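Order of the sequence lines fixes the chain letters, A, B, ..., with proteins taken first and strands second; residue numbering starts at 1 for each chain. Just so you know, these numbers come straight off a predicted model, no measurement behind them. Computation of the quantities below employed the complete heavy-atom set of this structure, encompassing side-chain atoms and omitting hydrogens, waters and symmetry-equivalent molecules.
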Amino acid sequence: MSINIILAILATSLATYISRFLGVITSKKIKENSKIFKWFNCLAYSTLSALLARLIIFPAGVLAEVDYFIRFIVVFICLILFLICKKNFVYPTVLSALLLAFLSSNF
Amino acid sequence: MINTKYFLKGLFCIKSANSPAIALFASFIAIGALFKSIGLNINESVFSTFLTYALPGSLIMAESLIVGASLLNIFLAVWLVNARLYPMTVSLFPLLTHKSQPKLKYYLACHFIAVSAWLIMKENYKSVERRYRLDYWIGVGAANLTVAVSATALGFFIADYLNKDMMIGLAIVNPVYFTCVMVGAMKTIQMSLAVILGSVLGILFYFISPEWCILLGGFTAGTLAFFIGELNVN
């Protein structure tokens, strides 16, 4: 490993904190019931969804080793379970880990 | 400084039924194990989660360390993937401001912005008196950060007992949890469009630029969703 781990951790945390810090500065000028606030709310949900879609379809790390079809099936089944169970978060999250671990070890 | 009653109230949100604790725990166990496998020691692993506290950024750091990327590269890649925290902060902090709270507190409290705590706060802020919302938020954030840090340490220690299939199982928990949350948030046309367009455009922009796809896709989708939603109301 060529670079210092401590420096990498500091660079990572600084790069992350910048967005939070700038967010606080911008927040001061924004009123809760303004259109701009609503727009930022849409941006927050859409960037989160973009990130999620990327994590599921083009993942980094170990998930990349599982066939994309299997990942897709697992997410789909868990989502159906979530809707059937009246939006309970525990069942789909626990099932997802078991199901994917099982599918990836057997197929 | 901090109102204890509201701080504790926020802290105990972690026990609620729709709490992100399980997802957070599973994904940070995986991060702890990953850190160990790439050669970080326990102190570095715990400090990394404590200081960064944003999963995709930590994953990028780990991958960059493996391929030996430069510090500048790490900085830019992490900034791009975590820039989503900017609209998240702007869409949360105006709800927490109150003139009685010292300014410095906001700059410290913003470290807790991460999707897990953010979602709890978005759900619950109306039930808390405005004056004490920041204290409540610090409670929520502290609870989530504690879960993340302890899971990282646990993951580090049990890394040798986790095989590849278990790591894969842990890695899917977080995306599945948040997919459910996003689907649950689709209550208005505007929100539904933001979520659906965000995922579709995030993927489409990936083919143009993998680094910029989250920001470009998210920005385009969010703006479109906002305008279509506004037109629909009028």
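- Note: A/L63 leads A/V94, A/L55, A/L63 in heavy-atom pairs under 4.5 Å with chain B.
- Per-residue heavy-atom pair counts under 4.5 Å with chain B were compared for A/C78, A/A50, A/A11, A/S34, and the maximum is reached by A/A50.
- Residue contact with chain A, scored on non-hydrogen atoms closer than 4.5 Å, involves the backbone and the side chain of B/T179 alike.
- Heavy atoms closer than 4.5 Å to chain A are found in both the backbone and the side chain of B/V181.
- Heavy atoms closer than 4.5 Å to chain A are found in the side chain of B/V115, but not in its backbone.
- Of the atoms belonging to B/P175, heavy atoms from both backbone and side chain fall under 4.5 Å from chain A.
- Distance OG/A/S46 to CD1/B/I214: 11.5 Å, rounded to 0.5 Å.
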>> A/N41 vs B/K122, test: side-chain contact (heavy atoms from CB on, under 4.5 Å). Steps then yes/no.
In response: CA-CA 10 Å; A/N41 199 36; B/K122 280 286 211 186; 2.9 Å; yes
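- Residue A/V66 touches chain B through its side chain alone, counting heavy-atom pairs closer than 4.5 Å.
- Contact detail for B/G39 and A/I5: the closest heavy-atom pair is O-CD1, 4.0 Å.
- Checking A/T26 against B/Y86 by side-chain atom types alone, a donor-acceptor pair falls below 3.5 Å.
- Taking the six-membered ring where tryptophan is involved, the planes of B/Y206 and A/F58 are essentially parallel, since the angle between them stays under 30° and well short of 60°.
- A distance of 13.5 Å separates OH of A/Y91 from SG of B/C180, quoted to the nearest 0.5 Å.
- Annotation for A/K28: atom NZ counts as buried by contact number, over 12 foreign heavy atoms lying within 6.0 Å.
- Distance CG/A/L7 to CG/B/L71: 5.5 Å, rounded to 0.5 Å.
- Atom CZ of B/F47 has 12 or fewer neighbouring heavy atoms from other residues, nucleotides or ligands inside a 6.0 Å radius.
- The nearest pair of heavy atoms linking A/P92 to B/V176 is O-CG1, 3.9 Å.
- Going from atom CD1 of A/I6 over to atom CG of B/N43 covers 8.5 Å, rounded to the nearest 0.5 Å.
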> Does the pair B/S91 and A/K38 meet the rule for a side-chain contact (heavy atoms from CB on, under 4.5 Å), with working shown?
Replying inline: CA-CA 8 Å; B/S91 61; A/K38 255 180 133 175; over 6 Å; no
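- For B/I113, the parts lying under 4.5 angstrom from a heavy atom of chain A are both the backbone and the side chain.
- Atom CZ of A/F76 sits in a sparse spot, with 12 or fewer heavy atoms from other residues, nucleotides or ligands closer than 6.0 Å.
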> Under the ring-ring contact (aromatic ring centres under 6.0 Å, His included) criterion, do B/Y177 and A/F82 qualify, and how do the steps go?
Replying inline: CA-CA 9 Å; B/Y177 173 78; A/F82 170 70; 8.9 Å; no
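- Heavy-atom distances place the side chain of B/M182, and not its backbone, under 4.5 Å from chain A.
- Neither the backbone nor the side chain of B/F35 comes within less than 4.5 Å of any heavy atom in chain A.
- Side-chain contact between B/Y107 and A/I25 is present, with at least one heavy-atom pair separated by less than 4.5 Å.
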> side-chain contact (heavy atoms from CB on, under 4.5 Å) between A/I18 and B/F75: does it pass, once the steps are laid out?
Replying inline: CA-CA 11 Å; A/I18 285 176; B/F75 184 87; 3.5 Å; yes
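- With a 4.5 Å cut-off on non-hydrogen atoms, B/L201 does not touch chain A at all.
- Of the atoms belonging to B/A83, heavy atoms from both backbone and side chain fall under 4.5 Å from chain A.
- Within 6.0 Å of the CZ atom in A/F37, the count of heavy atoms belonging to other residues, nucleotides or ligands exceeds 12.
- The two residues B/I74 and A/A8 make their nearest non-hydrogen contact at CD1-CB, 4.0 Å.
- The candidate with the highest count of non-hydrogen atom pairs below 4.5 Å against chain B, out of A/L100, A/L81, A/T12, is A/T12.
- Closest heavy-atom contact between A/L43 and B/G218: CD2-O, 3.9 Å.
- Contact annotation for A/L14: both backbone and side-chain heavy atoms come within less than 4.5 Å of a heavy atom of chain B.
- For the set A/N88, A/L79, A/L99, the entry with the most heavy-atom pairs within less than 4.5 Å of chain B is A/L79.
- Interface remark: of the candidates A/V75, A/L22, A/L48, A/L48 forms the most heavy-atom pairs closer than 4.5 Å to chain B.
- Between the side chains of A/S19 and B/N82, not a single donor N or O lies within less than 3.5 Å of an accepting N or O.
- Between A/T93 and B/V173, the closest heavy-atom pair is O-CG2, 3.8 Å.
- Proximity to chain B involves both the backbone and the side chain of A/I30, based on heavy atoms less than 4.5 angstrom apart.
- Side-chain contact between A/T47 and B/F219: absent, with no pair of heavy atoms (C-beta onward) separated by less than 4.5 Å.
- When each of A/S27, A/A53, A/A101 is checked for heavy-atom pairs under 4.5 Å with chain B, A/S27 comes out on top.
- When heavy atoms are compared at a cutoff of 4.5 Å, B/F205 does not approach chain A at all.
- The contact between B/E63 and chain A is made entirely by side chain atoms (from C-beta outward), counting heavy-atom distances below 4.5 Å.
- Atom OG of A/S13 sits about 9.0 Å away from atom CE of B/M61, to the nearest 0.5 Å.
- Within 6.0 Å of atom CD1 in A/I70, more than 12 heavy atoms from other residues, nucleotides or ligands are found, so the atom counts as buried in its surroundings.
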> Between A/E32 and B/R130, does a side-chain contact (heavy atoms from CB on, under 4.5 Å) hold up when you go through it step by step?
Replying inline: CA-CA 12 Å; A/E32 177 181 344; B/R130 192 174 187 105; 2.6 Å; yes
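- Between B/E230 and A/W39 the shortest side-chain heavy-atom distance does not fall below 4.5 Å.
- Residues A/C42 and B/Q190 share a closest heavy-atom pair of SG-CG, 3.6 Å.
- With values rounded to the nearest 0.5 angstrom, B/R84 atom CZ is found 14.0 Å from A/Y45 atom OH.
- Residue A/Y17 touches chain B through its side chain alone, counting heavy-atom pairs closer than 4.5 Å.
- For A/L98, no part sits under 4.5 Å from any heavy atom of chain B, backbone or side chain.
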